[in-house]
Amino acid sequence: MLNIKAVRANPDFYRRGMEKRGLPSRVIDEVLELDARKRSMMKEIQDLRHVRNTVAEKVAAAKKRGEKADELLAQMAEVNRKIEENERKLREIDEKLLGLLVKLPNPPHDSVPDGDSEEDNAVVREWGEPRKEDWMKDHVDILESLGLADLETAASVAGARFYYLFEDLVLLNWALALYGLEFLRKKGFKLVQPPYMLTRKIMEGVVSFQDFEDMLYKVEGEDLYLIGTAEHPLAGLHAGKILDGRILPLRYAGVSPCFRKEAGAHGKDTKGIFRVHQFEKVEQFSFTKPSQSWDEHEFLISNAEEIYRNLGLPYRVVNICVGELGPVAAKKYDLEVWMPAQRKYRELVSCSNCTDYQAVGLEIRYREAPHVEETEFVHTLNSTALATERTIVAILENYQRRDGSVEIPAVLQPYLHGISVLKPAGR
RNA sequence: GCCGGGGUGGCGGAGCGGACAACGCGCAGGCCUUGAGAGCCUGUGGCCCUUCUGGGCCGCGUGGGUUCAAAUCCCACCCCCGGCGCCA
C-alpha cells in the first residue's frame, strides 16, 4: 500500500503518479485530508487519555488515604465516554484512509512507457538468432511425439491446465530448478525453500486486491492461501522487522511450486503446459535501501538474461507499459523468449521493482546503522530466475530437430546423468 | 487432536490489579589508554504533537471483556516447549 508519510512529504510526486496511471490527482488530496483529520483526532484522544491517567492517579491517592472519590469518578465516567466516542470516529476515518491507501497503485517510474496494451511495451534489448523454419512444431505436438507427458488424463483427474510429466521431462524440470539455484548461489543469493501457503495478513501486504480473486487459491476452512510464487513467502520473510541497513541489499533465491487460478485467461494458451495452474519456479528476491533499488532492478534482470543466454534461448527484454503494469510494481521488465512455432516472443520472466509498496504493507523497515533513530521502509524487488515448465516449452520448441528429437542445452547436462537428447517415442 | 507448562525490548529474565517493565547480557557513543582490552558514565520498542528542546499516548503473543485503573483478572484464538495419540 501507499506510504502515507511519503505522500505527506511529497504529494506532487504521488499526484503525477496517479495521473500517469489514469487516476485523478485529487485522490491524493483525499488521502491528505483524511490523514490530517486522523492525526488531529489522535491528538484529541491522546490528550483525553492523559486526563484519564492523571485522574486515575488521583483516585488511587485518595483511596490510599481512605477518602471517597465520587467527584473524581464522575469526571472519569465523562472522560471515558468522550474517549469512546472519539475512538469510534477515529476508526471510521482510519478505515476510509486505509481503504484508499490499499486501493491506490504504486506511482510508476518515469521511464515506464505510456499506453495500455502489449504493443506499447518498449523493447530494451534483444539477444540471439530466432529460428523461423517452416517445419517447426509447437510444444504440444512435440510433447505428444516424445510421449513424455499426458495432458488428457491430467484434465480428467484435475481439470484443464494440469499435466503429467514423465521420465526425462521430470528430470529436466528438476535440472532446470537446480541449475537456477546453483547460478544464484554463486552470485551470493541465499537459497530458500519457503512455505507454500500463507495467511491472509501476509498476502494482503504482498499482492493487490484483484489477485485474491484472479490468482490465489484459498484453503477452505483455514486462514491460508496457496502461494502464487515464491515471491510471496520471501516478501514475508522479514515482515514486521527493522533491518540493519549495513546488510542491505539482502538477496534470496526461493524455489517453490506456484499455484494460480488463471481466472480471466479463458481461451489463452489453453493447450499444453505454457499456462497452467501449477508449476515450479526459481525466484530472485531482494530487500534494498531506496537508493539501491533501481540498480538492483537492473541487476536482477541481468541475472535472468545471463541464465537464458546460458540456455541458448533467443530473447528480448521489454519495459512494460503503464497499462499492463500491476498496481504493486513501480516498473517491470519482462524477458520474452522466442517461440519458433508461434513466431512470437513469449513471457518467461517478470522482474519488478515494487519500491516501498510491499514493505509498507508488511512493515519492513531499516535503519542506516544500529541506534540511528530514523527508520525508513525498504524497497522490495522480485524477478523470475527460471520458471521450469515454461522453460521446458522454450527448450522443446527452440532445440527441436528435423527428426523430432530435442537437444538438451549443455549447461543442464551436469544435472541430467547423461541425458543429452530427447527422442520421439519408439525410436 | 488430548493433557500439562509457557509467550514481556536484539537476547536472558523480574513484576502477577495502581509509583519509571527491575536487573543482567549484547550493541552504540563518551571518558581513560600509544593501541586493544578491562573499568567507569550515558543511551538502546512504536506512534503523535511541538520543535530541534521538550511533552504526551500506546506497547508485555492476537482480539474482545471486567475495572476509576490490566503485563497482572476473565473469555476466545494463534504460536512455542514437554508428554500422549496420529503420521510421510
[N] phosphate, OP1 or OP2: any side-chain N/O from [X] under 4.0 angstrom?
X: R52(A); N: rC68(B); result: no
X: H50(A); N: rG56(B); result: no
X: N53(A); N: rC58(B); result: yes
X: R367(A); N: rG10(B); result: no

Between [Y] and [X], do the side chains contain a donor N or O and an acceptor N or O under 3.5 Å apart?
X: T199(A); Y: D223(A); answer: no
X: S420(A); Y: Q413(A); answer: no
X: S350(A); Y: Y333(A); answer: no
X: Y315(A); Y: R309(A); answer: yes
X: E231(A); Y: Q284(A); answer: no

Determine the interatomic distance between [atom1] on [N] and the same-named atom on [M]; round to the nearest Å.
N: rG37(B); M: rU44(B); atom1: P; answer: 23 Å
N: rA70(B); M: rG18(B); atom1: P; answer: 11 Å
N: rA69(B); M: rG59(B); atom1: P; answer: 13 Å
N: rG56(B); M: rC20(B); atom1: P; answer: 11 Å
N: rA71(B); M: rU62(B); atom1: P; answer: 12 Å
N: rU8(B); M: rA88(B); atom1: P; answer: 35 Å
N: rG15(B); M: rG7(B); atom1: C1'; answer: 16 Å
N: rC78(B); M: rG12(B); atom1: P; answer: 24 Å

[X] [atom1] to [N] [atom2], straight-line distance once rounded to whole Å:
X: E84(A); N: rC68(B); atom1: CD; atom2: P; answer: 12 Å
X: R365(A); N: rG10(B); atom1: CZ; atom2: P; answer: 12 Å
X: R49(A); N: rA70(B); atom1: CZ; atom2: P; answer: 11 Å
X: D35(A); N: rC48(B); atom1: CG; atom2: P; answer: 9 Å
X: I83(A); N: rG56(B); atom1: CD1; atom2: P; answer: 16 Å
X: E44(A); N: rC58(B); atom1: CD; atom2: C1'; answer: 18 Å
X: E374(A); N: rG46(B); atom1: CD; atom2: C1'; answer: 15 Å
X: K241(A); N: rG10(B); atom1: NZ; atom2: C1'; answer: 10 Å

(request) Would you check if the distance from the ring center of F162(A) to the ring center of Y164(A) is below 6.0 Å? (result) no
(request) Name the residue closer to the 5' end of RNA chain B, choosing between R246(A) and R39(A) according to the nucleotide with the nearest heavy atom. (result) R246(A)
(request) For V55(A) and for I45(A), locate the closest nucleotide of RNA chain B by heavy-atom distance; then report the residue assigned to the nucleotide nearer the 5' terminus. (result) I45(A)
Closest nucleotide among [options] to the [X] side chain:
X: M76(A); options: rC68(B), rG46(B), rC48(B); value: rC68(B)
X: N80(A); options: rC68(B), rG46(B), rC48(B); value: rC68(B)
X: Q46(A); options: rC58(B), rG45(B), rC47(B); value: rC47(B)

(message) For the backbone of K20(A) and the side chain of D114(A), can you confirm whether one donor and one acceptor N or O come within less than 3.5 Å of each other?
(response) no
(request) Any chance you could encode RNA chain B as dot-bracket? Rule is Watson-Crick or G-U wobble with both distances under 3.5 Å; [ ] for pairs crossing earlier ones, | for another strand. (result) ((((((((.[[[..)..(....]]]((((((.......))))))(((((....)))))..[[[[[..)....]]]]])))))))....
(message) Anti or syn, where syn is a glycosidic angle within 90° of 0; which label fits rG30(B)?
(response) anti
(request) Please determine which of F212(A), Y196(A), F259(A) meets the ring pair (Phe, Tyr, Trp, His ring centres under 6.0 Å) test together with Y225(A). (result) F212(A)
(message) Just to verify, which of D116(A), V112(A), N106(A), N319(A) counts as forming a side chain to side chain contact (heavy atoms under 4.5 Å, CB included) with L325(A)?
(response) V112(A)
